[in-house]
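Working notes for the structure below.
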Amino acid sequence: MPNDAALFPRNFKKAYPLAVSGEGCWITAADGRKYLDAAGQAAVINIGHGVGSVAKAMAEQASQLAFAHSSQFHTAAAEKLGSRLLALAPEVMRRGGRVYFCSGGSEANETAIKLARQYFIERKQPERFRVVSRRQSYHGSTLGAMAMSGNMARREPYHPLLPEWGHIDPCFCLHCPLGLHFPECNLACGEELEALLRDDREKSVAAFIFEPVVGATLGAAAPPDGYVQRIGEICRQHDVLLIADEVMTGMGRTGKPFAVDHWNVEPDMITFGKGAASGYAPLGGVIVGPRVVEAFERGSGTFQHGFTYQNHPVSMAAGNAVLDVLDDQKLFARVTDASRNLFAALGPLKQHSHVGDVRGLGLLAGIEFVKDKATRTPFPREENIAGKIFQAAMDQGVLTYPTQGCVDGVNGDHVLLAPPFIITAEECNISARAIAVAMEKVFFAT
Ligand SMILES: Cc1ncc(COP(=O)(O)O)c(C=O)c1O
């Protein structure tokens, strides 16, 4: 379908259907085609499309007060949403924690970088500024967030613009970058953080940021038990802040309010976005733990940072209305059942000669494609297998989220599924069937 020429598109070589409406797990395009949104767009649509109560709450807020600048006013909607998010956060954050709202995941992670930096200024340790992260990770597209990200393809063009604060290896047992095996490895990838912090003689590291389950870059790769706990321990020992990037995994996506809850680890900050307003409005933020809050309260009292649209009343209304839907329909609890259906539907794909793995947690699932199943050898990047599977599934009306580079940053193809929490068993089956057919077309069509 030809597009009008006003928009700067993501890809000039691609045509984009016009999306006109959404309902439940489905998006309808202008030509009448319906698409099953099995990736929740990009792990955004937690409650489903077209929920009237959310649209109504946003309209009411917009007609009552569309905007008030956060340097001059707070609003009841923002206070309410902040309290509700704190109530969902790990226990230590509930007492004395605060929420900093912004408009998305990248802004949330930029905010976390600056919070970490200023926290140490408040504590009279101005030498600490680096935020260490992991290779094979994604924290956002703004320059600070990109500097932390380890997604090679997304970083590549901007290399000269990005400071290097230090990256350690990811925890990805299937393609262990250290060539080791769990549990004999004794979590050697986590011990890289210990070594880095031990060697940091200038004490320049302020924080460590990680995705508890790596979303886009590794395709829903969860660490083995013990890893997240060990990372938390190392950060404590070295007085370094622990930041969990839960932009993709937070707000119930993995079956708990936040993914760190699976391992009972209490970070100093949790960044969130995507599902927080389920796509109804731009919304992200940072849940800031009491230790960081106190340093600001007792110190200068002022955070040298801000966005015009932080605490936006209409986004706050959307966030509250989305939480109402999650509560009323008990959707957090539903993730566990829906996850069972999803993995039951995807399970048979594991037998396919070009499927290397089906993995994930809750309603975040990754399907990895391999050239050689026995050796888990990936396809060469140029073959763009993930992109081809995406397109072939889309041709059958099912939307997935394709990425390349999961094996070594360059090669490795997977598609991610992150459907709305309301997905039915039948819709899980439709998604799996479409991927199976897509594989037949991509791998075996002559
Ligand atoms: C883990 C993670 N962090 C941060 C971001 C950036 O969020 P946004 O695109 O809303 O800026 C993303 C987006 O995909 C993400 O998956």
Next item on the list: Any pair with a residue in residues 55-89 that passes ring-ring contact (aromatic ring centres under 6.0 Å, His included), sequence neighbours left out, goes on the list, sorted by first then second residue, please.
Entry: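 Output for this query lists F67-Y309, F67-H312.
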
How far does [atom1] of [X] sit from [atom2] of [Y], to the nearest 0.5 angstrom?
| X | Y | atom1 | atom2 | value |
| --- | --- | --- | --- | --- |
| N429 | T424 | CG | OG1 | 8.0 Å |
| F101 | S315 | CZ | OG | 10.0 Å |
| S70 | Q72 | OG | CD | 9.0 Å |
| L36 | I430 | CG | CD1 | 6.0 Å |
| E79 | N320 | CD | CG | 11.0 Å |
| Q310 | T111 | CD | OG1 | 7.5 Å |

Note to self: With a 6.0 Å cut-off (strictly less than), is the heavy-atom count around CZ of F12, excluding the residue itself, greater than 12?
What the structure shows: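 It does: F12 CZ has more than 12 such atoms within range.
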
Mutual orientation of the aromatic rings belonging to [X] and [Y] [parallel < 30°, tilted 30-60°, perpendicular > 60°]:
| X | Y | result |
| --- | --- | --- |
| F443 | H352 | tilted |
| Y100 | F303 | perpendicular |
| F421 | F332 | tilted |

Flag the pair [X] / [Y] as yes when their ring centroid distance falls below 6.0 Å, and as no otherwise.
| X | Y | answer |
| --- | --- | --- |
| H354 | F379 | yes |
| Y401 | F390 | no |
| H139 | F208 | no |

Check: So, K256 versus H262: side-chain donor-acceptor pair below 3.5 Å or not?
Finding: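 Judged by distance alone, the side chains do not pair up.
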
Checklist line | Any side-chain donor near an acceptor of the partner, T377 and K371, under 3.5 Å | finding: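 No, K371 and T377 have no side-chain donor paired with an acceptor closer than 3.5 Å.
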
Using side-chain heavy atoms (C-beta onward) and a distance below 4.5 Å, is [X] in contact with [Y]?
| X | Y | value |
| --- | --- | --- |
| P212 | W263 | yes |
| E107 | F307 | yes |
| V325 | V322 | no |
| L193 | C235 | yes |
| Q41 | I27 | yes |
| I243 | F210 | no |
| T403 | L416 | no |
| L349 | I435 | yes |

Considering only residues two or more places apart or on different chains, which pairs with a residue in [range] satisfy salt bridge (Lys or Arg N to Asp or Glu O under 4.0 Å)?
| range | value |
| --- | --- |
| residues 306-335 | R84-D324, R84-D327 |
| residues 137-146 | none |
| residues 42-68 | K56-E60 |
| residues 337-351 | D337-R340 |

So does [Y] get a backbone contact from the side chain of [X], meaning a donor-acceptor N/O pair under 3.5 Å?
| X | Y | result |
| --- | --- | --- |
| R117 | P126 | yes |
| E246 | F272 | no |
| E427 | I423 | no |
| R135 | G150 | no |
| S149 | Y138 | no |
| Q61 | A66 | no |
| S278 | G275 | no |
| H414 | A216 | yes |
| R130 | V205 | no |
| S106 | S141 | yes |

Sequence neighbours left out, what passes salt bridge (Lys or Arg N to Asp or Glu O under 4.0 Å) with [X]? Give chain and number order.
| X | answer |
| --- | --- |
| E368 | R359 |
| E164 | R155 |
| E23 | none |
| D37 | none |

Item checked: Intermediate values then yes/no, side-chain hydrogen bond (donor to acceptor under 3.5 Å, both in side chains), E211 and T249 -> CA-CA 8 Å; E211 295 170 75; T249 54; over 6 Å; no

Notebook entry, point to check: Who passes side-chain hydrogen bond (donor to acceptor under 3.5 Å, both in side chains) against Q404, sequence neighbours left out?
Noted result: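 Partners of Q404 under the side-chain hydrogen bond (donor to acceptor under 3.5 Å, both in side chains) test: D413.
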
Next item on the list: Check step by step if salt bridge (charged side-chain N to carboxylate O under 4.0 Å, His left out) holds for E297 and R98.
Entry: CA-CA 11 Å; E297 273 175 345; R98 300 277 183 135; 3.4 Å; yes

With [X], the side-chain contact (heavy atoms from CB on, under 4.5 Å) member among [options]:
| X | options | answer |
| --- | --- | --- |
| D357 | L174, V370, I367 | L174 |
| D268 | L115, L242, V288, V240 | L242 |
| C428 | L342, L346, L417 | L342 |

Next item on the list: Only counting residues at least two apart or in another chain, list the ones meeting side chain to side chain contact (heavy atoms under 4.5 Å, CB included) with E110.
Entry: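 With neighbours one apart ignored, the set is I113, T142, A145.
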
Check: In chain order, what residues pass the side chain to side chain contact (heavy atoms under 4.5 Å, CB included) check against Y35, with sequence neighbours excluded?
Finding: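 For Y35 the side chain to side chain contact (heavy atoms under 4.5 Å, CB included) partners, ignoring immediate neighbours, are P17, A29, R33, M394, L399.
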
Note to self: Could you walk me through whether L88 and F258 satisfy the side-chain contact (heavy atoms from CB on, under 4.5 Å) test, starting with their C-alpha distance in whole Å, then the side-chain angles of each, then the deciding distance to 0.1 Å, before giving a yes or no?
What the structure shows: CA-CA 8 Å; L88 287 176; F258 294 97; 4.2 Å; yes

Note to self: Check this for me, if you would: do D169 and R134 make a salt bridge, where the nitrogen-to-carboxylate-oxygen distance has to be below 4.0 angstrom?
What the structure shows: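 Judged by the 4.0 Å cut-off on N to carboxylate O distance, D169 and R134 do not form a salt bridge.
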
Notebook entry, point to check: When you look at H175 and R376, which way does the side-chain contact (heavy atoms from CB on, under 4.5 Å) test go after all the steps?
Noted result: CA-CA 9 Å; H175 300 285; R376 295 203 194 110; 4.0 Å; yes

